[in-house]
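What follows is a single structure, written as structure tokens, with notes after it.
Numbers for residues simply follow the sequence, beginning at 1.
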Amino acid sequence: MADRRTFNVLVLGFGFLFIFTAFTTCGNVEQTVIKSLENGTFTGSGYHSLGIIYGVFSFSNLLAPAVVAVIGPKITMFLSGLLYSGYIAVFIAPSAWSFYFTSVLIGVGAAMLWTAQAQFLVENSEASTINRNTGMFWALLQCSMLFGNLYIYLDWNGRTEISDSSRRNIFTSLLVVSILGTLSFLVLRRIHQEEEMLSEEEGQALLSARTMYTQRANTAIQDAKLEFRAILQLLKTKTLLLLSGCMAYSGLELAFYSGVYGTCIGATAQFGDAAKGLIGLSGIVVGVGEIVGGGLFGLLFKNSRFRRTSVVFLGMIVHFIAFYLIFLNMPDDAPVVVKTTTQDPSYLTPSVAIALLCSFLLGLGDSCFNTQLYSILGHAYAEQSAPAFAIFKFIQSVFAAVAFFYSGYLLLMWQLLLMVILGFPGTLCFFVAERIQNVSVDLQEP
């Protein structure tokens with residue numbers, strides 16, 4: 001049984017590795033790809049597409065638990081993977097209507113996928129293995145930022161324009177990877193309790209199945225109502241209100257490092273023939289920053305009571321340094337330029353070393369904020385973790401969607417300024433929320 005559960009966790013991790021190798025790489029390069037389309041008739045925007053995805057994702061989270069309860073996590077993940085693959089496939093022969101339609105579908109699919117993943121991981125874990133299984137899954141997931149972006153770097157390095165044939169080759173490869181990840185969910189094995197259910201007599205099993213699905217549907221509706229009420233109750237708590245600013249900031253910077261910054265690098269003409277390839281290399285370095293930060297802050301300071309504020313403060317400093325260097329190193333119109341590159345000057349001569357350093361700092365800072373938000377929510381709402389994390393993903397996704405929608409219109413300095421304006425008070429509010437939790441622990445101690 002233990003071997004079967006470990007097998008399931010590993011297959012789950014590799015499935016997500018393949019799917020998000022395709023999707024993360026797509027999100028990193030899609031705006032650059034769209035600007036390079038040779039037919040000149042495509043009117044879609046990568047920023048708007050990502051904004052739609054995160055916007056739909058945020059609201060679909062409210063319905064996802066009911067869907068997963070009815071059809072089960074395995075089938076939910078398989079169907080969601082198909083939606084991800086459909087989004088990737090659009091770039092092989094792009095059209096505006098299919099581009100935006102699949103953006104809506106993948107937003108729904110993302111909510112279902114992550115809800116099902118959480119449930120499946122818990123079902124295949126025990127108290128003694130949950131940390132190990134979560135760690136294995138997280139490590140495999142983070143590697144998704146490495147392989148697809150490495151392919152982009154090797155294929156685009158030295159190119160000034162992305163031809164249609166190159167685009168088709170890239171997204172065909174990504175589609176194959178995404179489909180492999182989706183098909184891997186079918187290999188997931190049933191746990192012991194489900195096998196026993198299937199071993200009953202055929203007629204009784206059919207009747208039981210119908211009854212079971214009816215009960216699941218009714219239970220799912222009740223669970224959805226209870227969860228929604230729990231969310232409304234938690235939104236009134238002081239700790240969650242304070243943390244909402246930090247959650248909102250995490251959404252803005254998520255949009256920036258995952259879709260905007262790579263576009264800025266690819267649009268900087270001063271990088272020459274290396275500009276397009278640097279998009280992939282930047283994505284790899286962001287992933288390295290995420291992995292280093294996640295590993296470092298997961299292993300160090302385990303017994304330090306004030307580690308959360310220290311790590312969040314470090315994340316703020318790291319991000320603000322990165323923002324200042326990006327402001328100096330990148331042309332101000334890089335995110336919004338209509339053509340594939342911009343000739344506008346920057347305060348410094350654009351440097352590849354500084355650009356990649358900023359990529360690492362963006363990933364490192366993001367891991368600082370996200371690991372500590374997960375930590376404080378798990379500590380403060382141990383008995384109500386599901387609605388607490390649902391609120392976190394909702395706020396983060398809404399602000400990521402907003403950021404993607406304004407990214408195609410605001411100059412770089414205004415986007416950086418918005419993140420600074422929200423990041424500083426968000427960090428201060430995190431300090432206050434942490435202080436409230438420490439005082440609460442002191443009062444509970446004899």
In sequence, state the C-alpha distance, the side-chain angles, and the governing distance for Leu82 and Phe78, and then conclude on side chain to side chain contact (heavy atoms under 4.5 Å, CB included).
-> CA-CA 6 Å; Leu82 292 179; Phe78 174 73; 3.8 Å; yes
Evaluate side chain to side chain contact (heavy atoms under 4.5 Å, CB included) for Phe369 paired with Phe430, printing each intermediate quantity in order.
-> CA-CA 10 Å; Phe369 281 98; Phe430 186 97; over 6 Å; no
Phe101 and Trp97 aromatic ring geometry - parallel, tilted or perpendicular at 30°/60° bounds | tilted
Polar side-chain atom of Ser178 near backbone of Leu174 as donor-acceptor pair, under 3.5 Å | no
Please check if the side chain of Gln415 supplies one atom and the backbone of Ser407 the other of a donor-acceptor pair under 3.5 Å.
-> yes
Can you find a side-chain donor-acceptor pair between Ser58 and Ser397 that sits under 3.5 Å?
-> no
Between Tyr54 and Phe404, how do the two ring planes meet: parallel, tilted or perpendicular, split at 30° and 60°?
-> parallel
Does one side chain, of Thr237 or Thr239, offer a donor that lies under 3.5 Å from an acceptor on the other?
-> no
For the residue pair Ser258 and Thr24, establish whether any side-chain heavy-atom pair is separated by less than 4.5 Å.
-> no
Using modelled atom types only, decide if a donor and an acceptor are shared between the side chain of Ser184 and the backbone of Gly181 within a distance under 3.5 Å.
-> yes
Side-chain (Asn28) to main-chain (Gly280) donor-acceptor, under 3.5 angstrom = no
Close aromatic pair by centroid cut-off 6.0 Å: Phe20 and Tyr84 = yes
Return yes when atom CZ of Phe360 has more than 12 non-hydrogen atoms of other residues, nucleotides or ligands closer than 6.0 Å, and no otherwise.
-> yes
Please indicate whether Phe320 has more than 12 foreign heavy atoms, meaning atoms of other residues, nucleotides or ligands, lying under 6.0 Å from its CZ.
-> yes
Verify the ring-centre separation between Phe405 and His48: is it less than 6.0 angstrom?
-> yes
State, to 0.1 Å, how close Phe99 and Ser45 come at their nearest heavy-atom pair, and which atoms those are.
-> CE2-O, 3.5 Å
Between the side chains of Ser98 and Ser95, is a donor N or O closer than 3.5 angstrom to an acceptor N or O?
-> yes
Is a side-chain donor or acceptor of Asp155 paired with a backbone partner of Tyr151 at a separation under 3.5 angstrom?
-> no
Tyr47 side-chain N/O to Pro335 backbone N/O, donor-acceptor pair under 3.5 Å = yes
What distance do Arg167 atom CZ and Thr172 atom OG1 have between them, rounded to the nearest 0.5 Å?
-> 9.0 Å
Say you draw a straight line from NE2 of His319 to OH of Tyr257; how long is it, rounded to the nearest 0.5 Å?
-> 8.5 Å
Looking at CG of Leu314 and OG1 of Thr309, how far apart are the two atoms once the value is rounded to the nearest 0.5 Å?
-> 11.5 Å
Under 3.5 Å, is there a donor-acceptor pair between the side chain of Asp366 and the main chain of Leu362?
-> no
When Phe16 is tested against each of Phe23, Phe120, Trp114 for ring pair (Phe, Tyr, Trp, His ring centres under 6.0 Å), which residue passes?
-> Trp114
Short side-chain donor-acceptor distance under 3.5 Å, Asn370 and Ser250 | no
